[in-house]
There are 2 protein chains.
Amino acid sequence: MPTDDPRLETVHLLRAATVELGLHSARFAQRNGMHPTDVRALIVLMDARRATEEVTAGRLGAALGLNSAGTTALVDRLERAGHVRRVRGATDRRKVVVEVDERAVELGQAFFGPLIGRVTGLLDGYDERERAAIRGFLEGVRRAAAEAG
Amino acid sequence: MPTDDPRLETVHLLRAATVELGLHSARFAQRNGMHPTDVRALIVLMDARRATEEVTAGRLGAALGLNSAGTTALVDRLERAGHVRRVRGATDRRKVVVEVDERAVELGQAFFGPLIGRVTGLLDGYDERERAAIRGFLEGVRRAAAEAG
DNA sequence: CGATATTATCTCGCTCGGCGAGAGAATAGC
DNA sequence: GCTATTCTCTCGCCGAGCGAGATAATATCG
């Protein structure tokens with residue numbers, strides 16, 4: 001077992017960073033009386049909002065790996081907390097479009113904004129070739145995780 | 001709101017990579033009849049093992065943010081599955097040292113080894129200056145997440 | 001156009017992870 | 001030695017998520 005492969009240091013750093021990012025999300029969740037799944041749901045919804053895509057209950061559940069019962073309970077929680085609205089689909093009235101409330105968006109930006117600012121600030125310390133390496137590495141990691149196992 | 005800051009692409013990639021890594025861990029959990037917390041616990045235990053540090057039940061629970069009741073239940077699950085042994089503390093017999101079973105270590109290596117291999121393989125595509133940038137960025141992200149909020 | 005299959009969500013009953021409170025057992029301090 | 005502290009465990013409970021199936025709206029086909 002070659003435990004002193006210097007490349008493993010980077011793997012360690014990668015995992016440490018993801019762990020710390022996860023803890024940061026958990027702090028956001030706990031501070032707002034939410035559960036990790038609720039935070040993940042809000043992220044999905046905000047991403048979709050930025051891309052001006054509608055997210056139905058079913059799509060949301062699929063994105064989070066929940067079944068329909070769990071998805072209903074999730075949207076119930078978010079709606080009860082005022083983070084989200086249920087809107088019946090215009091063309092297909094079986095569908096329920098889940099819309100994030102403006103306040104929830106601001107809440108998320110207020111919490112994650114500083115972290116995002118620090119990360120973008122980090123990037124200013126590198127030249128374009130280094131930044132390209134960072135982007136390429138992250139994309140490679142994403143693909144490796146998606147394709148492995 | 002400057003939504004087209006090019007540095008945000010890297011933030012997006014970072015999040016996409018962490019999401020995908022999380023899903024990969026979740027696959028390991030599900031495939032072995034475990035829960036996300038159990039996987040996190042095994043990672044803590046394996047890290048400690050590599051550093052030849054003893055992990056008591058209390059330390060494990062603290063690392064995962066569980067209270068004592070949840071920690072007991074967690075160790076019960078892991079012990080029942082054969083991934084872990086309870087060993088009474090030698091000097092302080094109130095303590096319970098949690099030791100990972102060799103089989104669990106091998107199980108983890110078999111699952112995460114390929115991914116680690118792919119990530120280290122990625123690094124070979126960069127020169128030392130680029131690799132240093134990647135390491136620096138990851139360390140910076142870890143610190144930013146740990147210190148923010 | 002009406003009967004049937006399909007799709008999207010919701011309801012019900014349940015399992016089980018995690019919490020709070022407090023008990024039990026061992027150690028440390030005076 | 002007696003008391004306070006520390007570490008783990010037990011008990012009862014809450015709530016997230018699942019499986020099965022109900023309900024309602026749409027699509028399909030004769």
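Scope of the values below: all heavy atoms of this structure, side chains included, with no hydrogens, waters or symmetry mates. Proteins get letters first, then strands, A, B, ... in listed order; numbering begins at 1 in each.
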Engineer: Verify side chain to side chain contact (heavy atoms under 4.5 Å, CB included) between B:Ile116 and B:Val119, making sure each step is shown before the conclusion.
Structural biologist: CA-CA 5 Å; B:Ile116 292 172; B:Val119 172; 5.8 Å; no
Engineer: When you measure from the side-chain N and O atoms of A:Thr37 to the phosphate of D:dG17, is any distance below 4.0 Å, counting only OP1 and OP2?
Structural biologist: yes
Engineer: At a heavy-atom distance below 4.0 Å, what parts of residues 76-87 of chain B sit against DNA chain C?
Structural biologist: B:Arg77
Engineer: Would you indicate which nucleotide in D:dG17, C:dT9, C:dG20 comes nearest to any side-chain atom of B:Ala69?
Structural biologist: C:dG20
Engineer: If you measure from the Lys or Arg side-chain nitrogens to the Asp or Glu carboxylate oxygens, is any gap between A:Arg131 and A:Glu128 under 4.0 Å?
Structural biologist: yes
Engineer: Taking the minimum atom-to-atom distance to the side chain of A:Val96, which one of C:dT9, C:dC19, D:dT5 wins?
Structural biologist: C:dT9
Engineer: Run the salt-bridge test on B:Arg142 and B:Glu139 with the 4.0 Å N-O cut-off and return the result as yes or no.
Structural biologist: yes
Engineer: Within the 4.0 Å heavy-atom criterion, would you say B:Ala57 contacts the bases, only the backbone, or no part of the nucleic acid?
Structural biologist: sugar-phosphate
Engineer: When you match B:Ala90 and A:Gly58 each to their closest nucleotide on DNA chain C, which lands nearer the 5' end?
Structural biologist: A:Gly58
Engineer: Within this structure, what is the CG-to-P distance between A:Leu74 and C:dT11, rounded to whole angstrom?
Structural biologist: 15 Å
Engineer: Where the side chain of B:Arg94 is concerned, which of D:dC7, C:dT11, C:dA21 is the nearest nucleotide?
Structural biologist: D:dC7
Engineer: From C-beta outward on B:Thr72, which listed nucleotide comes closest to its side chain: D:dC9, D:dC7, C:dC10?
Structural biologist: D:dC9
Engineer: I'd like to know if B:Arg118 pairs up with A:Glu147 as an ion pair, taking the criterion as any Lys NZ or Arg NE/NH1/NH2 lying under 4.0 Å from an Asp or Glu carboxylate oxygen.
Structural biologist: yes
Engineer: Are the side chain of B:Arg88 and the backbone N or O of B:Val96 linked by a donor-acceptor pair below 3.5 Å?
Structural biologist: no
Engineer: With a cut-off of less than 4.0 Å, is there a side-chain N or O of B:Asn67 near OP1 or OP2 of C:dG18?
Structural biologist: no
Engineer: Convert the base pairs of DNA chain C into dot-bracket notation, remembering that pairs crossing earlier ones are written with [ ] and that bases paired across to another strand are shown as |; include only Watson-Crick or G-U pairs under 3.5 Å.
Structural biologist: ||||||||||||||||||||||||||||||
Engineer: Which part of the nucleic acid does A:Gly65 contact within heavy-atom distance under 4.0 Å: base, sugar-phosphate only, or nothing?
Structural biologist: sugar-phosphate
Engineer: Is a side-chain donor or acceptor of A:Asp127 paired with a backbone partner of A:Arg129 at a separation under 3.5 angstrom?
Structural biologist: yes
Engineer: Quick one: A:Arg59 CZ to C:dT7 C1', roughly how many Å, whole number?
Structural biologist: 15 Å
Engineer: OP1, OP2 of C:dT9 versus side-chain N and O of A:Thr56: anything below 4.0 Å?
Structural biologist: yes
Engineer: Rounded to whole Å, how long is the line connecting atom NE2 of B:His35 with atom P of C:dG17?
Structural biologist: 4 Å
Engineer: If you assign A:Asp92 and B:Val97 each to the DNA chain D nucleotide with the nearest heavy atom, which residue ends up on the more 5' nucleotide?
Structural biologist: B:Val97
Engineer: Flag the pair B:Phe28 / B:Phe112 as yes when their ring centroid distance falls below 6.0 Å, and as no otherwise.
Structural biologist: yes
Engineer: Rounding to an integer number of Å, can you tell me how far A:Arg88 CZ sits from D:dT23 C1'?
Structural biologist: 11 Å
Engineer: Using whole Å, report how far CG of A:Leu60 lies from P of C:dA8.
Structural biologist: 15 Å
